[in-house]
Amino acid sequence: MRATDVLRSALMGIVEEMGLNWPAKAVIEPPRDPKHGDLAANIAMLLAREAHKNPRELAQVFVEKLPQRCADIEKVEVAGPGFCNVTFSQHFWRSTVREVEAAGPAYGQSSVGQGRKTLVEYVSANPTGPLHVGHGRGAAVGDSLARLLRKAGFDVETEYYINDAGRQMRILGLSVWLRVKELAGRPVEWPEDYYRGSYIIDIAREMLAGDPSLPDMEDQAGQDRCYERAMNEILDGIKADLADFRVEHQHWFSEKTLVESGAVKAAFDALTEAGHTFDKDGAFWFATQALGDDKDRVLRKSDGSLTYFASDIAYHHNKFTRGYDWLIDIWGADHHGYVPRMRAAIAAMGKPRDSFDVVLIQLVNLLQGGKPVSMSTRAGTFETLADVVKEVGADAARFMFLSRKSDTSLDFDLELAKQRSLDNPVYYVQYAHARICAVLRRAEERGISLPAASTDGLLAALDTPEDMALLRKLAGFEDMVATAAQALAVHHVSHYLMELAGMLHSYYAKHQVLLGDDTARTLSRLALLRAVGQVLRNGLDLLGVSAPEAM
RNA sequence: GCGCUCGUAGCUCAGUCGGAUAGAGCGAUUGCCUCCUAAGCAGUAGGCCGCAGGUUCGAUUCCUGCCGGGCGCACCA
């Protein structure tokens with residue numbers, strides 16, 4: 001926030017003048033209670049010991065010197081144990097409207113990310129069936145996180161890792177193949193592990209219709225053919241479901257391709273060279289325990305096949321070689337035990353700890369009017385992402401997924417997601433935007449013309465406490481984006497939007513915007529509302545939620 | 001048993017790089033449309049921030065232990 005920067009540099013100047021150093025723990029932030037001013041600084045409490053003064057005494061020094069250094073400061077006082085509480089002038093806050101107008105959709109953009117090359121890998125569900133609700137949460141979080149990080153100045157790309165090389169894929173091929181044979185009236189013996197979903201039968205039926213001689217193939221060949229077809233079909237379905245959910249990955253990365261490229265061997269060699277591997281019991285091991293894991297892990301089993309971990313190491317190694325220096329993985333929370341070994345792998349690659357982060361996505365409990373919806377594979381229940389999106393819409397689903405911390409479990413009530421009330425926050429926020437648009441439309445109808453860029457004079461009539469509160473909130477948008485991005489916490493955006501929408505609704509109820517007899521005030525309030533609308537749009541865009549002009 | 005994680009209002013959840021009197025919505029309850037969208041607003045009630053210690057000027061926030069919930073602990077993926 002501009003106010004924070006202004007105050008920080010003024011305070012730094014004073015600290016320097018006193019011959020002291022700026023402590024790392026110095027914080028400048030809006031106090032909880034707005035009565036304490038716009039910003040509070042704890043600097044005096046931190047420097048008290050070094051300056052041989054009591055905190056309040058030292059704070060008094062700052063209070064006396066600040067106004068000379070900063071014309072925008074209207075009031076500054078010592079409070080509590082030694083805070084410096086600063087209030088900026090109304091004129092200063094009003095200029096926020098002009099900043100929003102100037103930046104438009106780019107308002108909130110910052111450069112705290114310094115262009116760091118970042119890869120967000122998310123969803124990455126095995127292509128063995130349609131995406132379910134849990135994947136949807138991961139999809140929403142990954143997509144919004146990428147948007148958020150870009151807004152904060154990171155250079156972000158997104159990726160879906162296709163697990164097309166392992167056991168699950170063999171089972172998928174087998175499942176379809178057996179269905180094909182069954183449909184053709186051949187005798188079939190069902191193994192313990194196979195995919196039972198109805199989509200498997202659909203694929204088998206299509207394949208059989210396309211090639212009636214298919215069941216005559218040899219088992220292995222038939223199974224391979226089925227695997228190929230089924231995976232592609234399911235992958236297409238996944239892509240379509242994601243597109244309907246407004247999620248698009250820039251890269252689709254195949255595990256199979258990775259394995260065939262020899263990347264696994266290269267990764268093994270690199271680990272061995274660094275002395276992190278050993279042979280035991282006929283298997284090839286990675287000594288992760290020395291790097292913080294519970295125990296050492298197998299990379300190549302005694303039967304010669306690779307573990308999932310092996311190709312995952314190669315995959316992450318490959319990400320680094322592609323030039324990314326921050327890897328963010330979005331995983332289901334049931335994989336949290338996997339984090340230490342992946343961290344061990346990153347460490348073994350010689351990469352710093354902060355080059356790899358995992359965002360864990362907790363379970364989604366699907367409810368219907370407060371009662372749990374069966375998550376079984378039975379038809380007719382809402383289990384897939386596509387079903388849920390169809391039922392409640394992408395906006396409601398995304399907002400719901402993004403309004404809670406991602407690592408706590410989430411109750412998703414289908415009834416509630418369709419309700420048009422404050423129970424359902426997405427409508428509350430969208431309604432605020434639509435209301436603003438309605439007022440702007442009405443103004444236009446009445447022939448009131450608001451210049452695209454307002455001036456100090458035009459904004460001068462913004463002088464109520466509610467005006468100031470909204471302006472401060474708008475000014476804080478960039479900070480919110482930056483801290484949310486760095487904390488990988490998308491839900492901060494939803495909460496900010498809820499607060500901003502609440503303030504707007506409250507303002508709307510209290511202050512008439514279109515005032516027949518007071519043109520100056522009308523114009524200034526219209527400009528403020530337009531700025532609020534812009535910030536609501538920018539925030540909703542980070543969530544991938546639409547901002548309707550009418551509801 | 002070990003590890004990770006969570007425990008904040010009746011319910012669902014924010015907040016916490018240590019700061020002043022802990023917030024929101026729902027539910028309960030009382031009001032508000034001759035006026036820009038009532039999908040809204042204003043008010044009231046509701047809290048040992050799981051428990052006990054420790055660190056400090058100051059702890060809901062950090063540390064330790066305990067209690068309770070969730071998840072994980074494969075030569076599975």
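Side chains are part of it too, since the values below use all heavy atoms of this structure and drop only hydrogens, waters and symmetry mates. Each chain gets a letter, A, B and so on, in the order the sequences are listed, and its residues count up from 1.
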S.K.: Whole angstroms only, please: what is the NE2-P distance between A:H36 and B:rA20?
M.R.: 9 Å
S.K.: Counting only side-chain nitrogens and oxygens, does A:Y496 get under 4.0 Å of the OP1 or OP2 atom of B:rA24?
M.R.: no
S.K.: Do A:H336 and B:rC71 have a side chain to base donor-acceptor pair shorter than 3.5 Å?
M.R.: yes
S.K.: Could you tell me how far apart A:D411 (CG) and B:rC26 (P) are, to the nearest whole angstrom?
M.R.: 18 Å
S.K.: Has A:K301 got a side-chain N or O lying under 4.0 Å from the OP1 or OP2 atom of B:rA77?
M.R.: yes
S.K.: Mind checking the P distance from B:rU5 to B:rC49? Whole angstroms is fine.
M.R.: 23 Å
S.K.: In this structure, how many angstroms lie between the P atom of B:rG40 and the CE atom of A:M503, rounded?
M.R.: 18 Å
S.K.: Between A:R442 and B:rU37, is there a side-chain N or O to OP1/OP2 distance below 4.0 Å?
M.R.: yes
S.K.: At under 4.0 Å between heavy atoms, what does A:D294 touch on the DNA or RNA strands: base, sugar-phosphate, or nothing?
M.R.: nothing
S.K.: State whether A:K510 places a side-chain N or O below 4.0 Å from either non-bridging phosphate oxygen (OP1 or OP2) of B:rG40.
M.R.: no
S.K.: With sugar-phosphate meaning primed atoms plus P, OP1 and OP2, does A:S305 contact a base, only sugar-phosphate, or nothing at under 4.0 Å between heavy atoms?
M.R.: nothing
S.K.: Is A:R343 salt-bridged to A:D357, going by a charged N under 4.0 Å from an acidic O?
M.R.: yes
S.K.: Is the distance from OP1 or OP2 of B:rA38 to the nearest side-chain N or O of A:H505 less than 4.0 Å?
M.R.: no
S.K.: Classify A:N85 by what it touches in the nucleic acid, base, sugar-phosphate, or nothing, heavy-atom distance under 4.0 Å.
M.R.: base
S.K.: Are A:F309 and A:R341 packed together at the side-chain level, in the sense that at least one heavy-atom pair is separated by less than 4.5 angstrom?
M.R.: yes
S.K.: On RNA chain B, check which nucleotide each of A:Y508 and A:T408 is closest to and give me the residue with the more 5' one.
M.R.: A:T408
S.K.: Quick one: label A:Y338 by what it contacts on the DNA or RNA (base, sugar-phosphate, nothing), any heavy atom closer than 4.0 Å.
M.R.: base
S.K.: What nucleic acid atoms does A:A40 come within less than 4.0 Å of, heavy atoms only: base, sugar-phosphate, or nothing?
M.R.: base
S.K.: Taking only the side-chain nitrogens and oxygens of A:T307, find out if one of them lies under 4.0 Å from OP1 or OP2 of B:rA77.
M.R.: no
S.K.: Considering only side-chain heavy atoms of A:Q512, which listed nucleotide, B:rC71, B:rA77, B:rC36, is closest?
M.R.: B:rC36
S.K.: Would you say the side chains of A:S305 and A:D303 form a donor-acceptor pair under 3.5 Å?
M.R.: yes
S.K.: Counting Watson-Crick and G-U wobble pairs only, both distances under 3.5 Å, name the nucleotide matched with B:rU64, or none.
M.R.: B:rA52
S.K.: OP1 or OP2 of B:rG15 versus the side-chain N and O atoms of A:H491: is any pair under 4.0 Å?
M.R.: yes
S.K.: Please confirm whether the shortest side-chain N or O distance from A:R441 to OP1 or OP2 of B:rU37 is below 4.0 Å.
M.R.: no
S.K.: With a 4.5 Å limit on heavy-atom distance, are the side chains of A:P23 and A:L47 in contact?
M.R.: yes
S.K.: When you check the glycosidic angle of B:rC6, does it come out syn, meaning within 90° of 0, or anti?
M.R.: anti
S.K.: For atom P, what is the distance between B:rG18 and B:rC2, given to the nearest Å?
M.R.: 29 Å
S.K.: Quick test of the criterion, 5.5 Å between centres and less than 30° between planes. Is A:H492 stacked on B:rG15 or not?
M.R.: no
S.K.: Given that both distances must come in under 3.5 Å, which nucleotide forms a Watson-Crick or G-U wobble pair with B:rG31?
M.R.: B:rC41
S.K.: Is A:K319 paired with A:D329 through a side-chain N to carboxylate O contact shorter than 4.0 Å?
M.R.: yes
S.K.: Can you confirm if the aromatic rings of A:Y160 and A:Y122 lie within a centre distance of less than 6.0 Å?
M.R.: no
S.K.: Want to settle it: does A:L306 or A:M45 sit nearer the 5' end of RNA chain B, counting the closest nucleotide to each?
M.R.: A:M45
S.K.: Measuring from the side chain of A:H495 (C-beta onward, heavy atoms only), which nucleotide among B:rA14, B:rU37, B:rC71 has the closest atom?
M.R.: B:rA14
S.K.: Any N or O donor-acceptor pair linking the side chain of A:N42 to the base of B:rA20 at under 3.5 Å?
M.R.: no
S.K.: Have a look at A:H433 and say if it touches a base, only the backbone sugar-phosphate, or nothing, with a 4.0 Å heavy-atom cut-off.
M.R.: nothing
S.K.: Do the charged groups of A:E444 and A:R441 touch, with an N to O distance under 4.0 Å?
M.R.: no
S.K.: So what does A:D281 touch, heavy atoms closer than 4.0 Å: a base, only the sugar-phosphate, or nothing?
M.R.: base
S.K.: Taking atom P of B:rG70 as reference, at what distance in whole Å does atom CG of A:L410 sit?
M.R.: 18 Å
S.K.: How is A:A443 classified with respect to the nucleic acid when contacts are heavy atoms under 4.0 Å: base, sugar-phosphate, or nothing?
M.R.: nothing
S.K.: Under the criterion of centre distance below 5.5 Å and interplanar angle below 30°, is A:F83 classified as stacked on the base of B:rA20?
M.R.: yes
S.K.: How close or far is atom P of B:rG40 from atom CG of A:L504, stated in whole angstroms?
M.R.: 13 Å
